[in-house]
Amino acid sequence: DLCCGEGSAAAYLAATEGWQVTGVEIVPAAAQAARALAEEYGTVVRVKLTAAAAESEAAAAGDAAPIRLSLSYTRVADLVRIATASVHCLPLPSCSYDVVFGQDPDGLAHADRLHAFREVFRVLRPGGLFYFWHHWIPGPGWPAALLAEYQADSITAAPRLSYQCYLEDLKASGLQLASASDCTALAMHHMRATAALMRAADDGTQPDAWLVRVLQYAERGGSMGIQVVAYKPME
């Protein structure tokens with residue numbers, strides 16, 4: 001889980017699916033909170049029903065085979081590992097993960113995100129999947145004049161921060177693209193809700209200039225975000 005924050009997704013997947021999950025988070029306080037959350041989940045009990053081998057007499061009589069019930073107990077904290085590290089230098093073995101995912105991983109907003117994508121390629125097993133979405137970057141299909149204005153804006157300008165730049169780096173890393181789309185609806189919902197919460201705060205907080213400006217660009221016709229499914233080719 002790239003840029004896992006306080007670990008809610010990692011703990012949830014471990015508790016509900018029984019997955020072994022590694023979260024990578026560069027902020028020490030968030031990484032510590034993620035470890036604490038995994039501990040708070042406690043122990044998960046799983047129930048498994050299996051058809052036992054039928055006894056010869058039961059089989060001869062046409063009776064159904066007996067059902068056996070088995071229980072297993074797993075501490076969520078034993079399934080979740082949190083690494084305090086940058087997504088550009090993952091402290092993980094090569095070819096060791098089936099899935100890498102990221103929910104709005106801000107580490108990918110760096111102009112040199114190619115290093116992060118190469119690290120994802122390295123740690124994935126052949127055939128492994130990479131899924132992420134990042135909602136607050138310019139999406140595909142912007143009118144040329146509007147995108148040029150965004151990139152020249154002193155508030156929103158950032159080097160190599162766009163849907164197209166992400167795809168270029170993804171392909172350069174060796175990962176194969178399965179699908180890509182914008183996530184404008186998600187982005188607008190999130191940013192408008194954030195702005196509304198700020199305006200409703202008792203301390204008189206107002207949305208910062210960046211949030212206001214990005215919303216303005218989106219409302220003028222700029223799509224937002226990127227959602228990607230990619231994979232490491234089989235060797």
Side-chain angles (χ1 to χ4, degrees), residues 1-14 19-39 76-126 128-139 156-177 180 183 186-187 190 194 208 210-211 214 224-233:
D1 183 0
L2 300 180
C3 303
C4 71
E6 295 185 355
S8 58
Y12 176 82
L13 289 171
W19 291 2
Q20 293 182 329
V21 185
T22 299
V24 178
E25 174 54 53
I26 197 170
V27 179
Q32 186 58 38
R35 296 183 188 101
L37 180 63
E39 291 285 354
V76 172
D78 291 337
L79 296 174
V80 175
R81 172 196 173 196
I82 304 298
T84 306
S86 166
V87 296
H88 294 260
C89 187
L90 299 175
L92 310 172
S94 299
C95 299
S96 57
Y97 286 82
D98 297 308
V99 178
V100 175
F101 69 95
Q103 300 180 94
D104 203 29
D106 285 347
L108 299 185
H110 196 284
D112 294 327
R113 73 188 62 82
L114 175 58
H115 296 298
F117 286 157
R118 284 176 172 163
E119 281 291 85
V120 171
F121 181 93
R122 180 183 65 80
V123 303
L124 277 175
R125 296 186 177 99
L129 291 177
F130 178 35
Y131 166 76
F132 74 91
W133 58 262
H134 201 170
H135 80 270
W136 55 264
I137 70 168
T156 58
R160 303 198 69 253
L161 188 66
S162 71
Y163 179 97
Q164 188 58 42
C165 290
Y166 275 56
L167 292 186
E168 290 171 2
D169 291 341
L170 189 80
K171 294 173 182 176
S173 73
L175 292 161
Q176 297 295 305
L177 185 66
C183 48
L186 171 67
H190 178 81
T194 300
D208 62 34
W210 176 88
L211 179 57
V214 170
M224 297 301 298
I226 185 170
Q227 183 172 240
V228 162
V229 178
Y231 61 93
K232 181 174 181 176

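Keep in mind it's a predicted model, so treat the numbers as computed, not measured. We use all heavy atoms of the structure for the numbers below, so side chains are in, but hydrogens, waters and symmetry mates are not. Numbers here simply count residues along the sequence, with the first being 1.
Looking at D169 and L108, their side chains never come closer than 4.5 Å, going by heavy atoms from C-beta outward. At least one side-chain heavy atom of L90 sits less than 4.5 Å from a side-chain heavy atom of L2. No side-chain heavy atom of Q103 sits less than 4.5 Å from a side-chain heavy atom of F132. A 4.5 Å side-chain heavy-atom check between I26 and C3 finds every atom pair outside the cut-off. Annotation: side chain of L129 is not in contact with side chain of F101 (no heavy-atom distance under 4.5 Å). A heavy-atom distance below 4.5 Å is not found between the side chains of W133 and V228.
Minimum heavy-atom separation, G102 to D1: CA-OD1, 4.4 Å. P233 and Q176 get closest at one heavy-atom pair: CG-CG, 3.3 Å. When all heavy atoms of G5 and E25 are compared, the closest pair comes out as N-OE1, 2.7 Å. Contact detail for M224 and P138: the closest heavy-atom pair is CE-N, 4.4 Å. Annotation for A85 and C89: closest pair CB-O, 4.3 Å, computed over non-hydrogen atoms. Scanning all heavy atoms of the two residues, the minimum distance from L92 to R81 falls at CD2-NH1, 3.3 Å.
Using the six-membered ring where Trp is involved, F130 and F117 have ring planes that are perpendicular, over 60° apart on the 30 and 60° scheme. In this pair, W136 and H134 present their aromatic rings perpendicular. The plane angle is above 60°, beyond the 30 to 60° band.
Atom-to-atom distance recorded for R160:CZ and D112:CG is 8.0 Å, nearest 0.5 angstrom. Atom CD1 in I82 sits 8.5 Å away from atom CG in L37 (nearest 0.5 Å). The line from CG of L175 to CZ of R118 is 11.0 Å long, rounded to the nearest 0.5 Å. To the nearest 0.5 Å, the span separating CG on D106 from CD1 on I137 amounts to 11.0 Å. Taking CG of L167 as the reference point, atom NZ of K171 lies at 6.0 Å (rounded to 0.5 Å). Taking SG of C165 as the start and CG of L170 as the end, the distance is 12.5 Å to the nearest 0.5 Å.
R122 and S94 form a side-chain donor-acceptor contact under 3.5 Å, judged by distance and modelled atom types alone.
More than 12 heavy atoms of other shown residues, nucleotides or ligands fall within 6.0 angstrom of atom OH in Y131. No more than 12 heavy-atom neighbours from other residues, nucleotides or ligands sit within 6.0 angstrom of CD on Q20.
Panel note: side chain H88, backbone E119; no donor-acceptor pair is recorded below 3.5 Å. Under the 3.5 Å distance criterion, the side-chain polar atoms of Y166 are left unmatched by any main-chain donor or acceptor of R113. The closest donor-acceptor contact from the side chain of K232 to the backbone of F121 lies under 3.5 Å.
Shown are V100, T22, V24; of these, the side-chain contact (heavy atoms from CB on, under 4.5 Å) with V123 is made only by V100.
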